[in-house]
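In what follows, residues are counted from 1 in the order of the sequence shown. We count ligands from 1, going down the list as the structure has it; atoms in each ligand are counted the same way.
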Amino acid sequence: MRRGTLLVVTLAAVALAAAGMGPAPALAATKYLTIGTGGVTGVYYPTGGAIARIVNQKREEYGMRLTVESTGGSVYNINAIMSGDLDFGVVQSDRQYQAFNGSEDSEWAGKPQKDLRAMFAIHPESVTLCAAVDAGINSMQDLKGKRVNIGNPGSGQRQNSIDALAAAGIDYEKDLMAEGLKAAEAPGMLQDGRIDAFFYTVGHPSGAFKEATSGTRKVKFVPIELPKSFYEKYSYYAPSIVPVSEYPGAANDADVPSFGVKATFVTSSKVANKHVYGVVKEIFENFDEFKKLHPAYAVLTKENMLEGLSAPIHDGAMKYYKEAGMMK
Ligand code: GLU
């Protein structure tokens, strides 16, 4: 449908150009900027949609139009923003930290991404472990010898799964059969009996877990309990819960403990101040409208949307935060 509309617009522009009239000036002035998100059953994809929907109401004022792309997740988004293939992206706060600092044990070891810029934080995400009841998995230890999706390379969750497994004394390369599937494929694979469990770092509620918990194979959320030393080692992780009431089909009767991060919105220092300013201004000035666009945003406040950022704040974003008195 959207593609069809674009094609018509393009054809009209070609026809006008052929007639020597040139494209309409408003059309020529619009800059298309793309937001990288995640799988379509996650929360990043609707988040990209929510941001685009709010900001595009002012597309003429800012001369930009945001478009949304489904991607492999945080790591992919950061790399694509750094290469200029994407302009904005939703990324996990831990990944933002690792990329900017070139952290050891990360994809960016020795390669700090100094052009990465933070804009704001969004919803909390929990590292969520979901298993088939018939696989007899009640703790991390029970994952040994099982077929478990830890996440695709390019996703944010893959390293979260590896860190949690390592903290439980489990080597993901030796002690289990680790799969590298995209999160959107995992619920179907679990229902088909092709995997026993999967990890997904995501906001709740999410389509992926609605899907995983509404099939004929009974599934449950498995607790991930970690010692204090884990949180001391990784400053970007914090304890969290999986709110099981969001998933009536799950075989759990109480919320499940886990750990988590925050979804954040990032860009590159190379993206123009006026565009970054426009995005930030529209989201904060339409905060109540934005907050209604996904149930995972229920906990958002303007203040906590500035927490969990580790890359420098983009100058265009800073301009708005100063104008609004949110930063000095
Ligand atoms: N946290 C996941 C990642 O960074 C994506 C979650 C989502 O799409 O909502 O890969």
Option of least heavy-atom distance to atom 3 (C) of ligand 1 (set: Ser70, Gly42, Gly156):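 Nearest option to atom 3 (C) of ligand 1, by heavy atoms: Gly156.
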Considering only heavy atoms of [X], which atoms of ligand 1 have at least one such atom less than 4.0 Å away?
X: Glu125; result: 1 (N), 6 (C)
X: Gln157; result: 2 (C), 3 (C), 10 (O)
X: Ser155; result: 10 (O)
X: Gly73; result: 10 (O)
X: Gln92; result: 1 (N), 2 (C), 3 (C), 4 (O)
X: Val43; result: 7 (C), 8 (O), 9 (O)

For residues [X] and [Y], is any side-chain donor paired with an opposing acceptor at under 3.5 Å?
X: Thr267; Y: His275; value: no
X: Tyr236; Y: Gln98; value: yes
X: Tyr237; Y: Asp163; value: yes
X: Asn101; Y: Ser103; value: no
X: Gln92; Y: Gln159; value: no

Would you mind checking which non-hydrogen protein atom is closest to [atom], with the distance to 0.1 Å?
atom: atom 4 (O) of ligand 1; answer: Ser74 OG, 2.4 Å
atom: atom 5 (C) of ligand 1; answer: Tyr44 CE2, 3.5 Å
atom: atom 6 (C) of ligand 1; answer: Thr201 O, 3.4 Å

Between CE on residue Met64 and NZ on residue Lys274, distance to nearest 0.5 Å: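 Taking CE in Met64 and NZ in Lys274, the distance rounds to 9.5 Å.
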Among Arg147, Lys146, Arg194, Arg158, the one residue meeting salt bridge (charged side-chain N to carboxylate O under 4.0 Å, His left out) with Glu179: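 Exactly one candidate clears the test, Arg147.
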Glu125 (side chain) donor-acceptor with His123 (main chain) under 3.5 angstrom: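 No, Glu125 side chain to His123 backbone: no donor-acceptor pair under 3.5 Å.
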For ligand 1, the portion of Arg95 having any non-hydrogen atom under 4.0 Å away: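 Arg95 to ligand 1: no contact under 4.0 Å from either part.
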Residue portion contacting ligand 1 (non-hydrogen atoms closer than 4.0 Å) for Tyr200: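 For Tyr200, the contact with ligand 1 is made by the side chain alone.
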